[in-house]
Protein chains: 2
Amino acid sequence: MDASIADGRAAGIGRLAKSTLRERIAERLRAAILAGDIAPGSSLTETALSARFDVSRGPLREALRQLVDEGLLVTVPYTGTHVASLSVEDVREIFSLRTTLEIFAFDQVWDRRDDDFRAELLRRNRVLIATIDAGDDRASISAELAVHGLVYEAGGHKLLQHAWQGLCGRLQLYWAAHHRAHGRRGPRRDSHDSYIAAALGDDLAALRSEITDHMRRGVEVTERFLRDAGLANVGKKGDMT
Amino acid sequence: MDASIADGRAAGIGRLAKSTLRERIAERLRAAILAGDIAPGSSLTETALSARFDVSRGPLREALRQLVDEGLLVTVPYTGTHVASLSVEDVREIFSLRTTLEIFAFDQVWDRRDDDFRAELLRRNRVLIATIDAGDDRASISAELAVHGLVYEAGGHKLLQHAWQGLCGRLQLYWAAHHRAHGRRGPRRDSHDSYIAAALGDDLAALRSEITDHMRRGVEVTERFLRDAGLANVGKKGDMT
DNA sequence: GTCTGTCATATTGTCGACAATCGACAATAT
DNA sequence: ATATTGTCGATTGTCGACAATATGACAGAC
């Protein structure tokens with residue numbers, strides 16, 4: 001059996017993603033929500049969305065349901081669906097659970113860290129710093145999540161990764177609201193140095209307390225912001241671009 | 001403003017669940033899957049299910065999608081949806097994540113344990129023992145999950161509770177497969193005594209190691225079972241009752 | 001003046017039918 | 001005989017229309 005095109009060795013020949021309409025709709029909608037194009041609390045009408053995307057209401061509804069399960073939307077039967085708006089308590093929950101999961105993720109991967117892991121972590125950190133220096137808030141948020149996401153991916157723990165995806169979405173949702181209401185937000189340039197150092201080091205206990213501190217700092221910023229801004233974002237109307 | 005019925009102080013006055021067809025379908029299907037009425041790996045055809053439930057394919061598809069998100073079903077576009085069948089690695093993931101989450105849950109609730117908590121925990125444990133003595137495997141599984149579930153409920157941590165729900169479903173799915181293939185399974189009568197004692201005690205570190213041991217015992221039974229049985233459950237056909 | 005009952009309208013929930021795609025079998029060429 | 005290709009039935013994906021429900025405004029009674 002000689003080499004043929006079916007072997008997939010040729011560049012660019014691989015499984016191409018079979019896209020259903022539902023997936024593409026969910027993708028676009030999620031991107032729009034996480035980018036802050038739709039304000040938390042604003043209501044989404046199915047007919048309007050189906051007209052905008054030029055699709056039927058069937059796959060649109062399935063996409064909405066999926067985003068509901070991801071925690072990005074809330075829906076009350078026969079009434080409507082709204083973009084979820086997080087309370088300060090919700091944010092506290094996100095960070096507390098994230099602390100636990102991230103420590104667990106490092107526990108899983110600690111003895112399996114290899115050169116590839118270290119190199120990739122440093123690479124993502126460089127990307128993060130670059131986006132921060134460029135002043136690109138949106139990209140720096142994604143870059144920060146990519147840095148933290150590596151440890152979840154490296155462990156090969158599918159369930160853990162799934163949980164991280166859920167937290168990821170909610171975090172972006174909050175940051176989008178923060179950015180929208182508070183102007184520029186970007187993570188500070190050096191806020192991750194100690195985190196990276198601990199992640200590459202050999203002291204697991206030190207890393208654990210570093211993660212805990214890292215999250216505490218995050219939730220402190222959050223609480224200060226939310227207390228100042230009140231809950232003004234609830235019920236505010238928004239529109240997609 | 002004096003007290004009126006609108007205040008909701010009266011017993012039994014609260015938001016009553018408005019049921020959509022989708023929710024009821026998801027409920028029934030989930031129950032059927034978790035009870036083991038549909039074997040893991042068996043395929044579900046939408047038309048057959050819609051005919052059986054006497055509903056259209058619209059709400060049925062939404063229910064299926066919801067169960068996919070819960071990890072009970074897997075679906076490949078244009079091909080079909082199957083009841084998820086867990087590999088030994090999946091079960092290991094479930095127990096490892098559950099260990100972490102349950103310890104976290106106790107961390108959250110530890111200083112807030114009151115008499116109600118203790119009484120409820122003992123009550124659920126008595127129910128568990130009663131169902132075990134009665135030889136009712138299905139009920140004893142639910143009772144065991146209820147015992148462990150209390151700490152997740154008591155913390156008031158919505159995100160944590162959501163994660164527990166997800167684990168709960170997958171656990172029941174595995175146990176249903178176990179029960180189906182292995183005959184009676186029930187938890188041993190005294191396997192929870194030390195757990196309950198530690199949960200009611202004052203030594204958090206002891207509880208942590210107790211939880212770890214408890215889960216390790218669970219995963220050991222699992223691995224032994226799955227190694228003996230092979231992966232014979234994959235692809236096996238089943239039918240609803 | 002406040003409350004209650006009614007109605008109009010907009011939005012969601014549900015249904016049945018059509019189109020796109022997949023998996024398997026048969027036909028065919030080498 | 002084997003590998004490739006064309007075809008067919010079955011199943012899923014998508015659509016447009018209809019029914020059920022919630023929300024708000026308005027008229028009428030106490």
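Lettering follows sequence order; numbering is per chain, from 1.
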Rounding to an integer number of Å, can you tell me how far A:E23 CD sits from D:dG13 P?
9 Å
Restricting to non-hydrogen atoms, name the atom on B:I141 and the atom on B:W175 that form the minimum distance, rounded to 0.1 Å.
CG2-CE3, 3.5 Å
Between C:dC22 atom P and B:E46 atom CD, what is the distance in whole Å?
15 Å
If you assign B:R57 and B:T20 each to the DNA chain C nucleotide with the nearest heavy atom, which residue ends up on the more 5' nucleotide?
B:T20
Could you please name the option among D:dA22, C:dC22, D:dT12 that lies closest to any side-chain atom of A:T79?
D:dA22
Do B:R52 and B:E46 meet the salt-bridge criterion of a basic N to acidic O distance under 4.0 Å?
no
Smallest heavy-atom separation, B:R98 atom then B:Y152 atom, equals O-OH, 3.8 Å
Using whole Å, what does the distance between atom P of nucleotide C:dT21 and atom CG of A:L21 come to?
12 Å
B:E62 CD - D:dT14 C1' separation (whole Å):
13 Å
Separation of C:dT12 C1' from B:R22 CZ (nearest whole Å):
11 Å
Determine whether B:V55 and B:I25 make a side-chain contact, defined as any pair of heavy atoms from C-beta on separated by less than 4.5 Å.
yes
Between C:dT12 atom P and A:L49 atom CG, what is the distance in whole Å?
9 Å
Phosphate-side-chain proximity, B:R61 and D:dG13, N/O vs OP1/OP2 below 4.0 Å:
yes
Rounded to the nearest Å, what distance is computed from the CD1 atom of residue A:I25 to the P atom of nucleotide D:dG13?
13 Å
Distance in angstrom units between B:H82 NE2 and D:dT11 C1', rounded
11 Å
Anything under 30° is parallel, anything over 60° is perpendicular, the rest tilted; go ahead and classify B:H157 against B:F104.
perpendicular
Below the 4.0 Å mark, does C:dT12 have OP1 or OP2 next to a side-chain nitrogen or oxygen of A:T75?
no
Which nucleotide, if any, forms a Watson-Crick or G-U wobble pair with C:dT12, using both distances under 3.5 Å?
D:dA19
Specify the residue among A:Y78 and B:P59 whose closest nucleotide of DNA chain C lies further upstream toward the 5′ end.
A:Y78
